[in-house]
Amino acid sequence: MRFEPKQHKTHFIDNQKIDVYYNRVTTRFSLSINQQQVYSRLLVLSPWRKQQILINNTPYNLTIIWFLLWRSSLTPTQQPDRHPTIIELLPERRRKSIMIAIYFGLISSIKLTLGILIYSNII
């Protein structure tokens, strides 16, 4: 598995092409609609972001959470049944954050178990 600093995913909503970019080095998150940049922010110090964006004159909420697990979604503000929702804008980023959390959880539980066993003089 090699390190890729930039992640990209394309989605379509109401015949509009939505490109999502995330740079892991600079933590810049960008969203473009039909190759016109609509949203671009550095996520360095703010783990929760919420922004309203218009797509085909329909307001959508862009939500980005990157505190422990990555989550980015694009949901319609009004009438969610009539307009499509993108649950995860960058599924690869979400998958990697889950795998890292599982890895750290397993390593921490092994360390804790070994520490308890050593402390109780079982090992």
Side-chain angles (χ1 to χ4, degrees):
M1 190 165 74
R2 68 174 206 239
F3 179 75
E4 295 178 9
K6 294 183 181 180
Q7 295 175 336
H8 171 256
K9 180 74 176 171
T10 302
H11 301 277
F12 290 95
I13 289 183
D14 296 333
N15 295 326
Q16 302 289 321
K17 181 181 176 185
I18 298 174
D19 290 313
V20 182
Y21 299 94
Y22 179 67
N23 188 329
R24 294 171 59 186
V25 176
T26 63
T27 70
R28 180 168 294 279
F29 182 89
S30 302
L31 186 109
S32 301
I33 299 174
N34 292 334
Q35 297 174 349
Q36 178 183 1
Q37 192 167 23
V38 176
Y39 182 81
S40 179
R41 295 285 186 273
L42 288 174
L43 303 178
V44 173
L45 298 175
S46 178
W48 291 279
R49 295 275 180 154
K50 193 166 190 176
Q51 180 74 32
Q52 196 170 50
I53 296 173
L54 287 175
I55 302 173
N56 272 354
N57 295 326
T58 304
Y60 280 83
N61 285 327
L62 171 66
T63 307
I64 305 165
I65 301 171
W66 65 270
F67 184 60
L68 293 175
L69 293 176
W70 177 269
R71 167 70 102 208
S72 58
S73 63
L74 194 61
T75 57
T77 306
Q78 303 167 353
Q79 303 169 345
D81 298 338
R82 302 177 81 201
H83 300 288
T85 299
I86 300 176
I87 296 171
E88 184 55 54
L89 292 170
L90 289 168
E92 180 183 338
R93 181 83 187 124
R94 172 91 174 149
R95 218 174 7 258
K96 284 185 180 182
S97 71
I98 289 172
M99 294 304 291
I100 289 171
I102 289 171
Y103 173 77
F104 280 120
L106 286 173
I107 295 299
S108 297
S109 65
I110 289 170
K111 282 180 160 180
L112 183 65
T113 303
L114 288 175
I116 290 171
L117 292 175
I118 290 172
Y119 181 73
S120 62
N121 291 327
I122 294 177
I123 295 180

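Everything numeric here is computed off the predicted structure, so don't read it as measured data.
- By the 4.5 Å heavy-atom criterion applied to side chains, Y60 and P84 are counted as neighbours.
- Here the straight-line distance linking atom CD1 of I107 with atom CG of L112 works out to 13.0 Å at 0.5 Å rounding.
- At least one side-chain heavy atom of I55 sits under 4.5 Å from a side-chain heavy atom of L74.
- Partners of W70 by side chain to side chain donor-acceptor pair (under 3.5 Å), not counting sequence neighbours, listed by chain and number: S72, E88.
- Among pairs with a residue in residues 3-29, those fulfilling salt bridge (Lys or Arg N to Asp or Glu O under 4.0 Å) read R2-E4, at least two apart in sequence or across chains.
- Within the structure, no pair that satisfies the salt bridge (Lys or Arg N to Asp or Glu O under 4.0 Å) test touches residues 100-111, not counting sequence neighbours.
- Evaluation of the side chain to side chain donor-acceptor pair (under 3.5 Å) rule for R41 yields no partner, not counting sequence neighbours.
- When the side-chain contact (heavy atoms from CB on, under 4.5 Å) test is applied to I102, the partners found at least two apart in sequence or on another chain are I98, L106.
- At least one side-chain heavy atom of I18 sits under 4.5 Å from a side-chain heavy atom of V20.
- Residues L31 and Y21 are not in side-chain contact: their nearest non-hydrogen atoms beyond the backbone lie 4.5 Å or more apart.
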Apply side-chain contact (heavy atoms from CB on, under 4.5 Å) to residues Y39 and I53 and explain how you reach the verdict.
CA-CA 8 Å; Y39 182 81; I53 296 173; 4.2 Å; yes
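- In terms of heavy atoms, L54 sits closest to I33 at O-CD1, 4.0 Å.
- Contact between P5 and V25 at its shortest, heavy atoms only, is CB-CG2, 3.7 Å.
- When all heavy atoms are compared, the tightest approach of L69 to S97 is CD2-O, 3.6 Å.
- For N56, the side chain to side chain donor-acceptor pair (under 3.5 Å) criterion is met by Q16, not counting sequence neighbours.
- Applying the 4.5 Å side-chain rule to ILVMFWY residues, one finds L42, L45 in the same cluster as V44.
- Under a 3.5 Å cut-off, the side chain of S46 and the backbone N or O of L43 do not form any donor-acceptor pair.
- Evaluation of the side chain to side chain donor-acceptor pair (under 3.5 Å) rule for Q52 yields T77 as partners, not counting sequence neighbours.
- Put simply, the side chain of F29 does not reach to within 4.5 Å of the side chain of N23, judged on heavy atoms.
- Side chain of H11 to backbone of L89: a donor-acceptor contact under 3.5 angstrom is found.
- Taking OH of Y103 as the reference point, atom OG of S108 lies at 9.5 Å (rounded to 0.5 Å).
- The salt bridge (Lys or Arg N to Asp or Glu O under 4.0 Å) contacts involving residues 43-62 comprise nothing, where partners must be two or more places apart or lie in separate chains.
- Residues passing the side-chain contact (heavy atoms from CB on, under 4.5 Å) test with I65 are W48, T63, R71, sequence neighbours excluded.
- Contact annotation: the side chain of I13 approaches that of I86 to within less than 4.5 Å [non-hydrogen atoms, C-beta and beyond].
- By the 4.5 Å side-chain criterion applied to Ile, Leu, Val, Met, Phe, Trp and Tyr, I87 is assigned to no cluster and stands alone.
- A distance of 11.5 Å separates OG of S73 from CG of L90, quoted to the nearest 0.5 Å.
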Assess the residue pair Y22 and T27 against the criterion (side-chain contact (heavy atoms from CB on, under 4.5 Å)); give the C-alpha distance rounded to whole Å, side-chain angles, the decisive distance to 0.1 Å, and a yes or no.
CA-CA 7 Å; Y22 179 67; T27 70; 3.9 Å; yes
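- Note on residues 78-101: no pairs pass ring pair (Phe, Tyr, Trp, His ring centres under 6.0 Å), not counting sequence neighbours.
- No hydrogens or angles considered: a donor-acceptor pair under 3.5 Å links the side chains of S40 and Q37.
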